[in-house]
Amino acid sequence: MPVFALVDCNNFYASCERLFQPRLRTQPIIVLSNNDGCVVARSQEAKQLDIKMGTPYFKVKALCDRHNVAVFSSNYQLYGDLSQRVMETLRQFTPDLEVYSIDEAFLSLDGFSHLDVAAYAQEIRTRVGQWTGIPVSIGIGPTKTLAKIANHVAKRRTQTGVFDLRDQTLQSEILATLPVQDIWGIGRRWAKKLPKFGIQTALQLREADPALIRRHFTVVGERLVRELNGDSCLPLENLMAKQNIMSSKSFGSLQTEFQPIAEALSCYAARACEKMRGQGSKAQGIHVMLRTSKFRQDCPQYSNGMNYGFPAPTSDTRVIAKAAKHCLAQIYRPGYAYQKTGVMLTDLISDSVQQQDLFQRGDDRRSERLMAVMDALNAQMGRKALYLAAQGNERSWRMRCDRRSPRYTTQWEELPTVS
DNA sequence: TCTGGGGTCCTAGGACCC
DNA sequence: TCTGGGGTCCTAGGACCC
């Protein structure tokens, strides 16, 4: 029988902030989304203050002031770097690992069943703590879905941070007390719909007729039922290159003019291209979107998008930024207060298997070399060392991030100092 | 004043082909 | 006048995840 372990960092962003500021060890911490919009991470103490995930910051600001909550803007360079360290540590324990998100990884422990798997998990947890300073919880189960549930239990009901859910009797006991909406894969819509079939707990879903579930909840629902029954349907996925890469952000303030929006879009395009080259892909098309704020019902609403296909796959920022601007010009309408624009690079293919186009080869090589130089310079000297004029200088549309901590581990100027 | 960003998978329906 | 059935591909939209 397969054995999956789900390793999940506890309150990841909050733990990252705490790592470099020990004085915050007992203070409640929250981390805000881009633009300092919503609460996206909370330390244990902040959770106890009943600050909910996803709440707009302005709604809890007074509460935070009252309880001396440390508030941070997102510091993705820091979180990304610490995430990599955690994942590298995990890789020492098994090569069969799927990095599922910035703070989670599935491990396959199939080959370790001769060992005491729970003790092994305990060892993993200890070493990640020692090497990175990030606390993690580990759930063990015969399927990914059950490992996920085991992790949920490990976080809430154990002192050790490890919970083994391979035993069937134990499964029935745990699933009976687990509300169906807490299962991985059950979102808001399905949580509302399932009780109409008499299903409120995970146990009831496990015992439901797979065919009935398939009829009303597609094959995705059926797979879930099987997974709850210990029938592993979701394999470990090897980290494949992304099929689409998106970059979009809200403006720091609403924008009405074409020029600043176009500059913002050029920046997002440049960022997306960097990511794409980082994974060795080229795009065959793009999708550009532009929209007003849905929260400002007092303003006229407008939302539009446009696709564009390239004659040949490309990863050249100049080409892509130009195409993005062209799309923007088609969908932009004066007279609206825009909140957000973005670009998605679509239909990515590996640049090594790309069909060679006889007529473009020379240009392609020049372009690739130029982009390589640009990426190298920006990596070495900071992201804004070299950029397109189209990206603009003023950046009046820039996001707010007034409370970002130093990028301790990725910027020389921001290294922590000991005095 | 202030409401995130980045992904994946699945289905239905239309266009088109033989 | 009568107008099949099966297959593929594409897109839009809806659901989910962190």
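The sequence lines fix the lettering, A, B, ..., with proteins before strands; numbering per chain opens at 1. Predicted model, so just to flag it, every value in this text is computed and none were measured. The basis for the numbers below is simple: all heavy atoms, side chains too, and nothing from hydrogens, waters or symmetry mates.
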Over all strands shown, is [X] touching base, sugar-phosphate only, or nothing at heavy-atom distances under 4.0 angstrom?
X      : result
A:K61  : nothing
A:Q339 : sugar-phosphate
A:K193 : nothing
A:S247 : sugar-phosphate
A:Y57  : nothing
A:I102 : nothing
A:L32  : nothing
A:D36  : nothing
A:R296 : sugar-phosphate

Side-chain heavy-atom pair [X], [Y] within 4.5 angstrom cut-off:
X      : Y      : result
A:L377 : A:V373 : yes
A:L212 : A:H216 : yes
A:Y387 : A:N393 : yes

Return the orientation label for the A:Y338 and A:Y336 ring planes: parallel under 30°, perpendicular over 60°, tilted otherwise.
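Aromatic pair A:Y338/A:Y336 classed tilted.
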Given atom [atom1] of [X] and atom [atom2] of [N], what is their separation to the nearest angstrom?
X      : N      : atom1 : atom2 : value
A:F217 : C:dC16 : CZ    : P     : 10 Å
A:E227 : C:dC17 : CD    : C1'   : 14 Å
A:N307 : C:dT11 : CG    : C1'   : 9 Å
A:L348 : B:dG6  : CG    : P     : 14 Å
A:Q181 : C:dA15 : CD    : P     : 17 Å
A:K59  : B:dT1  : NZ    : C1'   : 15 Å
A:M289 : B:dG7  : CE    : P     : 14 Å
A:Y338 : B:dT3  : OH    : P     : 18 Å

[X] side chain near [N] phosphate (N/O to OP1/OP2, under 4.0 Å):
X      : N     : answer
A:K275 : B:dG7 : yes
A:N244 : B:dT8 : yes
A:K249 : B:dG6 : yes

Most 5' of A:Y76 and A:Q243 on DNA chain B, judged by nearest nucleotide:
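Residue closer to the 5' terminus by nearest nucleotide: A:Y76.
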First encountered from the 5' end of DNA chain B, between A:Y13 and A:M246:
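On the 5' side of the pair lies A:Y13.
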Need the pair for B:dC18. Rule: Watson-Crick or G-U wobble, both distances under 3.5 Å, any strand; none if unpaired.
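Looking at the geometry, B:dC18 pairs with C:dG5.
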May I have the step-by-step check of salt bridge (Lys or Arg N to Asp or Glu O under 4.0 Å) for A:E17 and A:R403, ending in yes or no?
CA-CA 12 Å; A:E17 296 296 348; A:R403 304 155 174 277; over 6 Å; no
Choosing from [options], which nucleotide comes nearest the side chain of [X]?
X      : options               : result
A:I245 : B:dG7, B:dT3, B:dG6   : B:dG7
A:T218 : B:dT11, B:dT3, C:dC18 : B:dT11
A:W184 : C:dC16, C:dC18, B:dG4 : C:dC18
A:R400 : C:dC18, B:dT3, B:dC9  : B:dT3
A:S248 : B:dG7, B:dT3, B:dG6   : B:dG6
A:R223 : B:dC10, B:dT3, C:dC17 : B:dC10
A:P56  : B:dC9, C:dC18, B:dT3  : B:dT3
A:K242 : C:dC18, B:dG7, B:dG5  : B:dG7

A:W184/A:F4 aromatic ring centres below 6.0 Å
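No - the distance between ring centres of A:W184 and A:F4 does not fall below the 6.0 Å cut-off.
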Under 4.0 Å between a side-chain nitrogen and a carboxylate oxygen: does that hold for A:E98 and A:K144?
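Looking at A:K144 together with A:E98, the answer is yes, because their closest N to O distance falls below 4.0 Å.
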Separation of the C1' atoms in C:dC17 and B:dG4, to the nearest angstrom:
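Taking atom C1' in both C:dC17 and B:dG4, they lie 15 Å apart.
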